[in-house]
Amino acid sequence: MYHILMKIAPNCGILFLFLSFPPVLFDDCVGNEGMAFEVSHPDFQVDEEMNLVARRDVMDSGTVMFIHGVNEHAEDMAQVDIVGALPRSPQTLREILGLGQIQPYRSKRALFAPRMHVSENMEPPFPKVIGTVMSSGMEDDHIFHMTGSGADQDPKGVFTINRLTGEVSVSQELDREAINSYMLEVSVTDQNGKLVEGPVALLVDVNDQNDNRPIFKETRYAGEVLEGSPTGTVVMTMTAEDADDPRLQNAVLRYNIVRQSPDKPSPNMFYINPESGNIVTVISPTLLDRETLPTTQYELEIVAQDMKGRDVGLTGTSTATITITDKNDHAPEFTHSLFQANVDEGSTGVVVNLTVDDRDDPATGAWRAIYSIIKGDPTQSFEIQTNPDNNEGMLSLIKPLDYESLVFHTLLIKVENEDPLVPDVGYGSSSTATVHITILDVNEGPVFFPDPLQVTKMENVPLGSFVALLNATDPDVLQSQSIRFAVLRDPANWLSVNPVRGTVNTSANLDRESPYVQDNKYTAIFMATDNGNPPATGTGTLVIHLEDYNDNAPYVHPSVVRVCEDARDSVVIVGGRDKDIHPNTGPFKIELGKQPGLENTWKVSRVNNTHAQIMLLQNMKRANYQLPLVVTDSGLPPLSNSTEIKVQVCTCKKNRMDCSGAGSVRSNLILLLGLVLLSLLLCIFCCFCLLLFMYMHVCVYVLYINVCIQYVLL
């Protein structure tokens with residue numbers, strides 16, 4: 001601690017700084033670089049030339065201030081006392097008379113808490129003094145107090161202050177990466193706790209030590225570079241972090257490549273910028289050829305070192321994997337300029353597999369092939385698709401070819417990549433190939449014409465009637481072959497065919513109402529077989545449209561109706577139905593059957609072309625009755641049907657019909673006849689049993705007499 005006396009001279013009632021004050025002297029033995037000065041008095045500062053100068057007019061004397069100088073190499077403090085000038089003789093009348101005399105100088109207290117520094121990771125023993133808080137007016141009964149985070153607040157007890165001397169001590173090991181500075185307050189009180197000076201701020205900085213290694217954000221990095229890229233192409237960036245103070249070299253990193261695997265064709269294919277961590281290519285574009293390199297992936301071991309890469313620095317390591325990606329710098333080439341295949345006429349499917357070579361990266365657009373037919377397929381009978389597994393072109397027939405039309409086919413095929421080629425590479429003659437396809441003759445089956453063959457016939461035509469003439473031709477016009485016909489499918493067995501002429505005749509009645517007829521159409525399938533080796537067969541369809549004949553008598557629906565026993569409420573509606581179609585159906589005529597007396601009890605009247613009304617003319621007992629009716633259709637000639645419907649006569653009360661007690665007259669008669677028949681059968685059975693019993697007794701008696709006779713004879 002140095003003490004400096006500074007005088008200020010009065011002038012016109014104001015104290016001014018004496019201009020001849022010497023500069024501040026400070027020497028850290030290494031050139032005083034990075035010096036910083038703190039002055040406790042707000043009216044003074046240390047300028048760039050290390051002179052102590054006043055910021056403004058100074059009114060105080062007897063004041064103490066402190067100058068704190070510090071850099072990374074040294075630290076010291078000086079005390080400056082501000083005093084008034086020596087007394088002098090009066091100069092003016094005003095001074096002689098004692099007018100306007102300046103009042104006695106005021107003495108101002110000063111409490112100064114210099115910025116303190118403490119290194120992290122200090123070793124015991126503790127506590128260790130790190131600085132002193134100074135007071136110009138400290139007296140025996142005055143006490144220093146310190147408050148704030150690190151003193152009486154969490155984390156408590158890190159720093160303490162000597163209550164009498166103002167010495168500040170650290171009581172434990174610190175970690176700058178946890179807390180890099182502490183803001184405290186210092187004050188002075190008397191023994192009674194009365195505040196004398198302060199509070200003033202005390203800032204404690206935790207000085208960094210190089211105790212943290214650089215850490216990469218990822219343990220493994222992955223990057224890609226396109227083959228043929230120019231030298232200096234940025235591949236990727238490696239980034240590491242250091243938890244130490246970024247203002248110091250403890251956290252200034254430098255990057256370096258320590259290993260490249262594999263090390264061919266050069267051990268220095270890549271370079272990393274020591275400061276930015278950018279990895280760039282060093283190898284020439286010509287050598288950076290994916291197809292000639294020993295591998296498509298290179299692994300680099302990267303080291304990040306703090307202290308600007310000096311040997312004393314700490315290191316961290318990571319791995320960078322660089323993939324040499326492919327560009328389409330090789331056109332696909334056919335393995336043969338000519339492909340050949342033989343195909344049976346009439347067949348479809350894959351004809352031939354076209355093979356190509358491509359040195360680009362498999363499973364990429366630069367390798368995947370696209371095939372196209374550029375000549376020789378005017379009818380578009382072929383298509384070509386790429387096999388995704390091996391990149392081969394599968395040439396297929398999608399339309400059957402005919403030997404008799406054209407035997408030889410020549411196609412010109414072109415292959416390209418999905419991705420475009422690089423500008424300096426083009427498709428050559430090897431990217432096209434010729435395919436010769438020979439069609440082989442096959443014995444083809446006869447072809448029916450027309451197919452289907454459609455005819456119209458009346459149902460119920462006589463057996464053996466002519467239906468149709470089948471027409472089939474053999475496509476093998478270069479061969480002389482005969483054709484024979486046969487029935488392949490005849491669901492109702494109605495038809496027969498002449499095997500040579502192909503004439504179709506009826507072998508049974510054609511019935512339009514058959515379940516085998518759908519929408520008035522009957523369908524049969526015939527086959528024609530040639531005498532080739534082996535024989536070939538073709539099929540054709542015959543559709544017979546059946547016209548209706550009035551061969552189904554009409555009937556009445558419903559077959560059971562209900563009426564009330566009161567003739568006034570006894571009306572029902574019935575209709576006529578027919579399996580035939582127009583004009584052999586309605587209008588229907590419905591009338592009473594030809595039984596005497598029916599017209600006295602029942603009346604049938606027409607409602608419309610298909611329905612009639614039945615009315616009860618007189619009251620009848622509740623029972624079931626069989627009502628005979630005659631229904632006639634409108635066919636030519638018309639058909640009539642004598643039928644009966646069951647009429648239930650029921651009791652009707654308040655819109656309710658009760659038919660529970662109605663018994664059928666005919667049913668009662670049948671039941672009575674059944675009982676009589678059953679009694680008769682029982683009587684016959686009893687007589688039979690009686691005769692059988694008498695016969696058995698006679699047999700036993702005869703047997704007994706025979707035994708007696710034998711006994712007498714013996």
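Positions are given from 1, in the same order as the sequence printed here. Just so you know, these numbers come straight off a predicted model, no measurement behind them.
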Item to check | Polar contact flag, side-chain donor to acceptor under 3.5 angstrom, S135-H142 | outcome: no
Item to check | Of all pairs that satisfy ring pair (Phe, Tyr, Trp, His ring centres under 6.0 Å), the ones with a partner from residues 275-311, not counting sequence neighbours | outcome: none
Checklist entry - How many angstroms lie between OG1 in T281 and OH in Y271, if you round to the nearest 0.5 Å? => result 13.0 Å
Next on the checklist: Show me the pairs that pass salt bridge (Lys or Arg N to Asp or Glu O under 4.0 Å) and involve residues 156-180, at least two apart or across chains.
Outcome noted: R176-D208
Item to check | Residues which pass salt bridge (charged side-chain N to carboxylate O under 4.0 Å, His left out) with D358, listed by chain and number, not counting sequence neighbours | outcome: none
Item to check | side chain to side chain donor-acceptor pair (under 3.5 Å) pairs, two or more places apart, involving residues 226-239 | outcome: T237-N278
Item to check | Results of side-chain hydrogen bond (donor to acceptor under 3.5 Å, both in side chains) for R220 - residues two or more places apart only | outcome: E299, T321
Checklist outcome for this item: Applied to residues 158-217, the ring pair (Phe, Tyr, Trp, His ring centres under 6.0 Å) test, sequence neighbours excluded, yields F159-Y182
Checklist entry - Under the salt bridge (Lys or Arg N to Asp or Glu O under 4.0 Å) rule, what pairs show up with a residue in residues 359-371, not counting sequence neighbours? => result R290-D361, R368-E418
Checklist entry - If you look at every heavy atom in F382 and I373, which pair is closest and at what distance? => result CB-CD1, 3.7 Å
Next on the checklist: I need the S187 OG to L202 CG distance, nearest 0.5 Å.
Outcome noted: 11.5 Å
Checklist entry - Tell me the salt bridge (Lys or Arg N to Asp or Glu O under 4.0 Å) pairs involving residues 271-282, sequence neighbours left out? => result R254-E275
Checklist outcome for this item: For K327, the side-chain hydrogen bond (donor to acceptor under 3.5 Å, both in side chains) test, sequence neighbours excluded, returns none
Item to check | Min side-chain heavy-atom separation P274-N256 under 4.5 Å | outcome: no
Checklist outcome for this item: Taken in chain and number order and not counting sequence neighbours, the residues that satisfy ring pair (Phe, Tyr, Trp, His ring centres under 6.0 Å) with F339 are H336
Checklist entry - Side-chain donor-acceptor pair under 3.5 Å between T323 and Q297, yes or no? => result yes
Item to check | Those residues that, when tested against Q45, pass side-chain hydrogen bond (donor to acceptor under 3.5 Å, both in side chains) (two or more places apart) | outcome: R55
Next on the checklist: Quick one: does any side-chain atom of T325 pair with a main-chain N or O of V225 as donor and acceptor, under 3.5 Å?
Outcome noted: yes
Item to check | Sub-4.5 Å side-chain heavy-atom contact between E301 and T317 | outcome: yes
Next on the checklist: For a 4.5 angstrom cut-off between non-hydrogen side-chain atoms, does Y221 reach T319?
Outcome noted: no
Item to check | Short side-chain donor-acceptor distance under 3.5 Å, S396 and Q385 | outcome: no
Checklist outcome for this item: When rounded to the nearest 0.5 Å, the distance separating CE of M269 from CD of Q260 is 5.5 Å
Checklist entry - Of all residues at least two apart in sequence or in a different chain, which pass the side-chain hydrogen bond (donor to acceptor under 3.5 Å, both in side chains) check with D244? => result N212
